[in-house]
Structures are given as structure tokens and as C-alpha cells.
S.K.: 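My questions all concern the structure below.
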2 protein chains.
Amino acid sequence: MDEKLMERLQQIRKLLHAEQLKLTPQREATVRVLLENQEGHLSAEEVFMLVKQKAPDIGLATVYRTLELLVDLRVIEKLNFGDGVARYEFRENDQPHHHHHLICLNCGRVSEIEDLLGDLEKKIEERHGFQITDHRVSFLGYCSRCRGKGPA
Amino acid sequence: MDEKLMERLQQIRKLLHAEQLKLTPQREATVRVLLENQEGHLSAEEVFMLVKQKAPDIGLATVYRTLELLVDLRVIEKLNFGDGVARYEFRENDQPHHHHHLICLNCGRVSEIEDLLGDLEKKIEERHGFQITDHRVSFLGYCSRCRGKGPA
DNA sequence: TTTGTCTTGCGACCCTGTCCCATTATAGTC
DNA sequence: GACTATAATGGGACAGGGTCGCAAGACAAA
Ligand SMILES: [Zn+2]
Ligand SMILES: [Zn+2]
Ligand SMILES: [Zn+2]
Ligand SMILES: [Zn+2]
């Protein structure tokens, strides 16, 4: 786990370097928080709170800038669950479409399932002549623990 | 068209009445704008602008309140295309899932296609024990006119 | 008319996110 | 190490979308 983290950090350092950018302590702390919360789907504010614990003097703007930078570098992905805040998540390979989200309306848990839209997208491209480059998909409902309970 | 409009207005008037609410001139004007722009996927601000032409003294807050009210009554649906503004659209029956959106990254056109997720949702419910009540789906890419042009 | 309730417009306010700018950190070169 | 060019930072002002509280207005029932 730790060597994987260091490896990832090195990768990112190289990516930044290629653009004459630096992996500053603030950026590193932000990346670490993201890596330590892979399944957390953290919002910028949440990342900020967690980063503050590692680097108390960091500014909110820096976190936002770092997140934007990492999105541009395709290191992380910006998600929108429709709750008014952007959320961020590590990207495994540089590929989009790696998974979908199931959002529980009762407990708020977000779980992930594999991408199931490949065939469907082909169908849409054929039928409608629309060239799909990305999709935004989430499913709302009740997780196995919360079934039958209705809204919170 | 006009009789359909009146019919819809009567329906809505009844729905409101059932909750001891009134179909005020402001609310009626807002509903009319929405009905006259069925495929427009209007934002609140856009609705406000159009309503102002019919009822110049209406306040922005009233439009927001009316939209929220209509969403609660399941008369319209609140959409999120990820561009930072909420958009609104009439609901045909009171059913969700009636269609998906294809959003062109070049010209911004939003077109609609039928809901194709029925089978997929069944599969997800079986595999993951997650009871789906709604989904948010949009496909991003390039429409038939804009194919091969890349981002604007 | 009186009363109670729903509704309105307005402005203050909130929240997420961006921008500006003076200051600071960093990497590279001598 | 010292010097320099450039990238990066923190903080605060600001922006856009949206919500809230409130006093005033509209309306229906009695
Ligand atoms: Zn749950
Ligand atoms: Zn995820
Ligand atoms: Zn197009
Ligand atoms: Zn639509």
C-alpha cells in the first residue's frame, strides 16, 4: 500500500514536471488525502478539511486549484451527484467510464458498479448519429440495508 | 394545442387546490412559459426572463418558489446537465425515466431519446440488491451536425 | 367587513467556487 | 551557497445560483 502510494506520487510528480509544474507539499498533501479516501467521493470542502489536518496553513483556494490541476492532468475525475457540490475521485488508468454510482437515498452511501453502458452507447450512436464521448450516470434508490424504508 | 394547455392548467389548478394552494396569475404565467417551451430545458433564470414578458412585476423568488412547488407536485422535473444551473421540464404522466438526454459539446443542443435502461436496472437490482427508484443519465458528445469537429 | 391563510416582492443572505495580488517557495544556474 | 526566474501560495474580494425572512398584499370563507 505504501509503496503503491509512493509510486503514484512519483508518477504525478513526473506528470507535473513535464509541464514545468511542481509537486509542492500542499499538492502532495492533497493527493495523499485523495489516495487515502479512494472510495470516499470527497467534495472539495471535505478534501480541504482533511488536508488541513496534514498541513494546517493550506488555503481553500490552493485545494481548489490543485483539484482542478489534477483533473486537467487526468489524475482524478470530477463527479457530480446532483447535490450541489463537486466530488473527486482517483482515476485508475486515465480511462473514463470506469464505473457507475449507486446512491442510497436513505443512508447516503455511494457504492460503485462496473460500467454497463458499452452496448447501449453503440446502439445510441447507430440510431441517433450522436458520437458519445462521455456519460454521466447515477442510480438513485435504496441500498440492500435500507430497502423498504422509504426516504429518510 | 390551446385546449390541451387549458386542460393541463385545470389539472394543475386541481392539484394545487387539493393542497389548499392557489393557481395565482404568477404561477399560471410560469406554467404557461414551461408549457410553451417543452423542449427548451429552461433554467430558472430563463423561465424568469420569459415570465417577465407576461408578468413584468414578478419576482425571481416567486419563480423559484413556483418551480419548487411544481417539482413537489410532480408536474415538472428538475434536471441537472452539469453546467451549474438547474433546468426544468414538464413530466408527461407523473412517471420518471421518460427519456434521456444527448448533450452536444459543440453546439449545446440537447436532444432526447427514449429510456433504454429498463433491463439494465433489473440486472442491477438483482446483482447488487439495490432498489432503484430513479436514475440520472446524460450522454455527452457530438451531435450529427457537429461530428468530427471536436470541442468548440 | 373581518379574519385567517396563502402568496408576493424585495433585499439580505448563504454556499460553492473563482479571481486577484502581494508574498513566498522552488528549481536551476552560477 | 547566492542569485534569479518562475511557479505557487494564502487571503480576501467577488461571482453566480439559489434560499430565506419579513412586511405587505391578495384572496376566500364566514
Ligand atoms: Zn442505504
Ligand atoms: Zn466512484
Ligand atoms: Zn452539435
Ligand atoms: Zn428532456
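Quick note on labels: first sequence line is chain A, next is B, and so on, each numbered from 1. These numbers come from the heavy atoms of this one structure, side chains and all, not from hydrogens, waters or symmetry mates.
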S.K.: Which residue lies toward the 5' end of DNA chain C, B:Thr66 or A:Lys78, if each is placed at its nearest nucleotide?
M.R.: B:Thr66

S.K.: Between the side-chain atoms of B:Arg65 and the base atoms of D:dG18, is any donor-acceptor pair under 3.5 Å?
M.R.: no

S.K.: Base, sugar-phosphate, or nothing: which does B:Glu45 touch, judged by heavy atoms less than 4.0 Å apart?
M.R.: nothing

S.K.: B:Gln20 side chain N/O closer than 4.0 Å to the phosphate oxygens (OP1, OP2) of C:dG4?
M.R.: no

S.K.: Using a heavy-atom cut-off of 4.0 Å across all strands, would you classify B:His17 as base, sugar-phosphate, or nothing?
M.R.: nothing

S.K.: I want to verify a distance call: between C:dG17, C:dC19, C:dC10, whose nearest atom is closest to the A:Ala61 side chain?
M.R.: C:dC19

S.K.: Do any side-chain nitrogens or oxygens of A:Thr24 fall under 4.0 Å of OP1 or OP2 in D:dT9?
M.R.: yes

S.K.: Counting only side-chain N and O atoms of B:Thr62, is one of them less than 4.0 Å from OP1 or OP2 of C:dG9?
M.R.: yes

S.K.: Could you check B:Lys22 against B:Gly84 and say which one's nearest nucleotide on DNA chain D is further toward the 5' end?
M.R.: B:Gly84

S.K.: For A:Ile58, report the nucleic acid contact type (base, sugar-phosphate, nothing); a contact means any heavy atom under 4.0 Å.
M.R.: sugar-phosphate

S.K.: Among D:dA8, C:dT16, D:dG17, which is the nearest nucleotide to the side chain of B:Tyr64?
M.R.: D:dG17

S.K.: If you assign each of B:Lys52 and B:Glu19 to its closest nucleotide in DNA chain C, which residue comes earlier from the 5' end?
M.R.: B:Glu19

S.K.: Should A:Tyr64 and A:Ile58 be counted in the same cluster of Ile, Leu, Val, Met, Phe, Trp and Tyr side chains packed under 4.5 Å apart?
M.R.: yes

S.K.: For A:Phe81 and A:His41, take the angle between the two ring planes, folded into 0 to 90°, and tell me which bin it lands in: parallel under 30, tilted 30 to 60, perpendicular over 60.
M.R.: tilted

